[in-house]
There are 2 protein chains.
Amino acid sequence: MNRQKQKSLEKKGWKIGSTAEFLNLSEEESSYIELKLKLSINLRKLRTEQKLTQVELAKILKSSQSRVAKLEIGDPSVSLDLIIRSLLALGTSNKEIARAISS
Amino acid sequence: MNRQKQKSLEKKGWKIGSTAEFLNLSEEESSYIELKLKLSINLRKLRTEQKLTQVELAKILKSSQSRVAKLEIGDPSVSLDLIIRSLLALGTSNKEIARAISS
DNA sequence: TGACAATATGTCATATCTGACATATTTTTA
DNA sequence: TAAAAATATGTCAGATATGACATATTGTCA
């Protein structure tokens with residue numbers, strides 16, 4: 001991961017103190033974050049393709065607009081669980097989820 | 001999913017009242033459960049391949065033997081998050097996770 | 001431009017997950 | 001076999017994620 005990406009992640013609230021500290025993000029942590037981001041992006045793509053607003057999606061998910069917003073940016077406060085459940089609720093298959101992770 | 005699988009899931013604690021209710025498991029729910037089970041099985045496979053005991057893995061994960069046991073059977077009390085974090089901690093790549101989901 | 005729709009951000013009470021512990025059960029080994 | 005090691009099950013206090021709300025910001029279109 002590069003400095004560009006760090007900036008992006010920092011902006012999104014992943015608390016990263018310094019470049020040094022950032023570089024010490026374990027392989028595990030960065031993989032986890034990347035996974036989340038990929039699926040988040042996929043979720044937004046899916047929603048917009050289906051021409052839904054966040055409010056409409058929230059209704060489908062029995063959640064709230066603000067949580068959908070957080071889901072779609074991979075906010076640290078949302079779990080992979082919720083992202084994946086949301087993708088499934090929008091009709092994504094397990095195979096498609098796998099594809100998104102691999103991409 | 002068939003009756004056999006229901007029995008198996010019920011035994012594992014997924015609360016399913018009746019066959020009728022079971023059959024009403026939404027596509028979403030069953031996909032979610034299947035996803036979890038696939039990754040759980042993968043986790044156990046990985047641990048045994050690396051010749052680790054649950055106690056040893058627990059130490060690596062900074063968790064406990066009992067939680068590892070639950071992770072490996074996809075217990076309803078464990079999140080996808082924890083399963084995936086555990087896989088990553090054992091050195092699994094995102095691509096490998098994707099493969100496991102697709103399998 | 002201004003007004004309206006959509007999305008983002010911050011906060012919080014409640015719900016759910018977690019590690020830890022005790023203990024039961026199963027598997028391995030001598 | 002019997003003892004030891006490994007795994008499973010049940011419970012719970014504390015940690016984390018959640019929906020909901022208020023409000024801010026951004027995008028769109030007349």
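Chain naming here is simple, since letters A, B, ... match the order of the sequence lines and numbering starts at 1 in each.
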Q: What's A:Arg44 touching, base or sugar-phosphate or nothing? Going by heavy atoms closer than 4.0 Å.
A: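 The answer is sugar-phosphate, as A:Arg44 gets under 4.0 Å only of primed atoms, P, OP1 or OP2.
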
Q: So, the side chain of B:Lys36 versus the backbone of B:Val78: is there a donor-acceptor pair under 3.5 Å, distance only?
A: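 Checking the backbone N and O of B:Val78 against the side chain of B:Lys36, a donor-acceptor pair under 3.5 Å is found.
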
Q: Take atom CG of B:Leu82 and atom P of D:dA15, then tell me their distance rounded to the nearest Å.
A: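 One finds 17 Å between P of D:dA15 and CG of B:Leu82, rounded.
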
Q: Closest to the B:Ser79 side chain: C:dG10, C:dT18, D:dT18?
A: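 Of all the options, the side chain of B:Ser79 is nearest to C:dT18.
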
Q: Compare all side-chain heavy atoms of B:Arg67 with those of B:Leu82 and state whether any distance is below 4.5 angstrom.
A: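 B:Arg67 vs B:Leu82: side chains touch.
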
Q: Of the candidate nucleotides D:dT11, C:dA8, D:dT7, which contains the atom at the shortest distance from the side chain of B:Gln65?
A: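 Of the candidates, D:dT7 comes closest.
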
Q: When you measure from the side chain of A:Thr48 to the backbone N and O of A:Arg44, does any donor-acceptor pair fall under 3.5 Å?
A: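 Answer holds: yes.
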
Q: Would you check if the side chain of B:Ser30 reaches a backbone N or O of B:Ser26 as a donor-acceptor pair within less than 3.5 Å?
A: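 Checked: pair present.
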
Q: Check every atom of D:dC21, D:dG19, C:dC21 against the side chain of B:Ser66 and return the nucleotide holding the closest atom.
A: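 When the side chain of B:Ser66 is considered, C:dC21 is the closest of D:dC21, D:dG19, C:dC21.
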
Q: When only distance counts, do a donor and an acceptor, one from the side chain of B:Lys70 and one from the base of C:dG19, lie under 3.5 Å apart?
A: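 Absent.
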
Q: What is the distance, rounded to the nearest whole Å, between atom CG of A:Leu71 and atom P of D:dA20?
A: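 Result: 13 Å.
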
Q: Tell me if a side-chain donor or acceptor on B:Ser31 pairs with a main-chain N or O of B:Glu27 at a distance below 3.5 Å.
A: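 Present.
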
Q: Side-chain donor-acceptor pair under 3.5 Å between A:Glu72 and A:Gln54, yes or no?
A: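 There is such a pair (donor and acceptor under 3.5 Å, judged by atom type) between the side chains of A:Glu72 and A:Gln54.
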
Q: Specify the separation, in whole Å, of atom CG of B:Asp75 and atom C1' of D:dT9.
A: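 Checked: the CG to C1' distance equals 9 Å.
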
Q: Rounding to a whole Å, what distance do you find between A:Lys62:NZ and D:dG19:P?
A: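 Taking NZ of A:Lys62 and P of D:dG19, I get 11 Å after rounding.
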
Q: So which of residues 46-61 of chain A are in contact with DNA chain C, with a heavy-atom cut-off of under 4.0 Å?
A: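 Per residue number, the list reads A:Arg47, A:Thr53, A:Gln54.
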
Q: Rounding to an integer number of Å, can you tell me how far B:Lys36 NZ sits from C:dT16 P?
A: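 Answer to the nearest Å: 13 Å.
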
Q: Round to the nearest Å and state the distance from A:Ile73 atom CD1 to D:dT25 atom P.
A: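 Atom CD1 in A:Ile73 sits about 15 Å away from atom P in D:dT25.
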
Q: With a 4.5 Å cut-off on side-chain heavy atoms, are B:Leu57 and B:Leu61 touching?
A: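 Side-chain contact under 4.5 Å: yes.
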
Q: Whole angstroms only, please: what is the CD-C1' distance between A:Glu72 and C:dT9?
A: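 It is 15 Å, rounded to the nearest whole Å.
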
Q: Of the nucleotides C:dA20, D:dA8, D:dG19, which has the atom closest to the B:Arg67 side chain?
A: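 Given the options C:dA20, D:dA8, D:dG19, the side chain of B:Arg67 is closest to C:dA20.
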
